[in-house]
Amino acid sequence: MKGKNYIAGKWVGARGGSEYESRNPAQTGEILGRVPLSHREDVEQAVVSAKEAFPAWRALSRIKRGEAIERFVDIVKAGADEMARLVAREAGKAINEARADVIEGIHMAQYMFGHARMPYGQALPSEIAEKDAYMLRKPKGVVSVITPWNFPFAIPIWLISPSLLEGNTVVFKPSEETPLVGEKIVECFERAGLPPGVLNLVQGMGEEVGWPLVVHPDVEVVLFTGSYEVGARIKQACAKDYRKMCACEMGGKNAMIICLDADLELAVRAAILSAFKTAGQRCTSASRLIIHESRMKEFAQAFVAMAKRIVIGDPMDQQVFMGPVINEAAVKKVGFYNQLAKNEGAEILLDGGRLEEGEYRNGYFCSPFIYRMAHRRDARVLHEEVFGPHVALIPFRSLEEAVAIHNDVEYGLAFSAITEDYRTARLLQEACEFGVGYWNLPTIGAEVHLPFGGVKKSGTGMPASWPLLDVVTHKVAWTVNHGREIKMAQGMSAEV
Ligand code: NAD
């Protein structure tokens, strides 16, 4: 571990030398490393470095930039196991999920290298016979990449690789919960031969590092993934600066609709994965299961029975399904919402919350909490993101009612319809407000070549994957006169 920032091609400490510790959420006594606690001055240096590196980087051919991403893929693949172990230990994700996180990042980098090998643009007929017209793309300049902890490898790659491919330079601020995974990513890019200043790393907290990266006048684009509360502030700040653009991907209050004709076994499996993978800490985790009332009883029985069999424990153990939540604040948040559900009249089907005995003593472990909320549609607990193993079962009678319940939240990220009938699925796909939808599948499972992003409070409408190429480039028109002259306007002599 370097335990440093990476600015202008050099590993450096924070100005003033402050540091903080990264700890394992499953074993809070285990210090994984120390990283700089940076401030505005460190951000300033990183932005200057990115700005200086921009002209030479954009002048390189797109293929050469793509090849750096290809080399990055080779380097990550060679150390994928080690990377996955670090993800598991720093983010608390079960080891198989940690591997999937790394693989998803590799896939996105491969996809972006593929784009380098598939150059695109447009040659268009002009309105005038003597002209040819083109649509070209230009990079925007310095891009800030600010990321959450729950996909500490994949999400940074989702945002960094399209930015670099198109000729932008980047200042990257990983989550303060997973700084060492962030450092490893940058180290791999360094080994891939990125020129100094093209990718910079500044470690630290949101307010001291993230915010200066948002408002810095030399940052052209802010790519953010994280909570709505932070994303909304970023969008407002960017709106005040006429040059600045942002793409924010934020939280969710995702739901599955389980219809009258649902295959019960499929529904239960999909619901378990949606609600409890990553201990319910995915932006796409389902925390609302909207179930036809005549299937509620049998579904609830099978779902609770399976949830009771979930193995909770050390993420490094292959048998473990659910690791810890990320920190003390997350444990408290889960506890708060579990209690709130009780206060708001929920029928508790499986009481859960903090686990403190035995092997759980030194980590942030929580068990699944499942409740039925039949009457109070306005209950606060049905509307706010919990980001933990906490899920509501809500009955419906008609499809119209199911859609109304589904859409009655301020978020709109992931959705799944469980039905055997194409027309029902088609209706739900049309009527439900979401960005990432599934039929007879869990609400989780992104693919890198599909757009990924939410509507309403879940996103600013510029999803990841290829749509992000439009965010980090400016499309310009280029019109060429292939005629011999420019015709003069009526009333003006053509003689020079
Ligand atoms: P968070 O918003 O607390 O932090 C995300 C990042 O923003 C971190 O790097 C943090 O340091 C930084 N940050 C915090 N305050 C900031 C500020 N004032 N200015 C600039 N940056 C600031 O989120 P988190 O706890 O890391 O992640 C969980 C949240 O992320 C959940 O809401 C989850 O749904 C969401 N998420 C969304 C997606 C998606 O694609 N839609 C993916 C993963 C996670």
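For the single chain, residues carry numbers from 1 onward in sequence order.
A cation-pi contact, defined as under 6.0 Å to the ring centre and within 45° of the axis, is absent between K456 and Y411.
The side chain to side chain donor-acceptor pair (under 3.5 Å) contacts involving residues 99-108 comprise K93-D101, N96-R99, where partners must be two or more places apart or lie in separate chains. Sorted by first and then second residue, the pairs that involve residues 203-215 and meet salt bridge (Lys or Arg N to Asp or Glu O under 4.0 Å), not counting sequence neighbours, are E207-R233.
Classified by interplanar angle (parallel below 30°, tilted 30° to 60°, perpendicular above 60°), the ring pair F415/H406 is perpendicular.
Checked against the 6.0 Å centroid threshold, W158 and F151 do not count as a close aromatic pair. For an aromatic pair to be called close, the ring centres must be under 6.0 Å apart, and W439 with Y422 satisfies this.
A salt bridge is absent between E385 and K457; no separation between the charged side-chain nitrogens and carboxylate oxygens falls under 4.0 Å. Using a 4.0 Å cut-off between charged side-chain N and carboxylate O, K2 and E183 make no salt bridge. Salt bridge status for R282 with E97: present, with a side-chain N to carboxylate O gap under 4.0 Å. Electrostatic pairing of E41 and R15 does not count as a salt bridge here, judged by no charged N lying under 4.0 Å from a carboxylate O.
One N or O on the side chain of N168 and one on the backbone of V472 form a donor-acceptor pair closer than 3.5 Å. Of the possible donor and acceptor atoms, none in the side chain of T178 sits under 3.5 Å from a partner among the backbone N and O of E90. For the pair R62 (side chain) and G167 (backbone), a donor-acceptor distance under 3.5 Å is absent. Looking only at distances, no side-chain donor or acceptor of T147 sits under 3.5 Å from a matching main-chain atom of T225.
With respect to N327, the side-chain hydrogen bond (donor to acceptor under 3.5 Å, both in side chains) criterion is satisfied by exactly one of R23, E177, K333: E177. Applying side chain to side chain contact (heavy atoms under 4.5 Å, CB included) to F172 and the options V202, N200, I160 leaves one that passes, I160. If you run salt bridge (charged side-chain N to carboxylate O under 4.0 Å, His left out) between E220 and each of K244, K140, R243, only R243 comes through.
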task = For the pair E187 and R191, evaluate salt bridge (charged side-chain N to carboxylate O under 4.0 Å, His left out) and give the outcome as yes or no after the intermediate values.
result = CA-CA 6 Å; E187 215 183 303; R191 287 172 57 205; 5.5 Å; no
inquiry  = Run N254 and S274 through side chain to side chain donor-acceptor pair (under 3.5 Å) and show every step you take.
reply    = CA-CA 9 Å; N254 310 298; S274 304; over 6 Å; no
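Inter-residue side-chain proximity for L450 and V436 is flagged as unmet; no heavy-atom pair is nearer than 4.5 Å.
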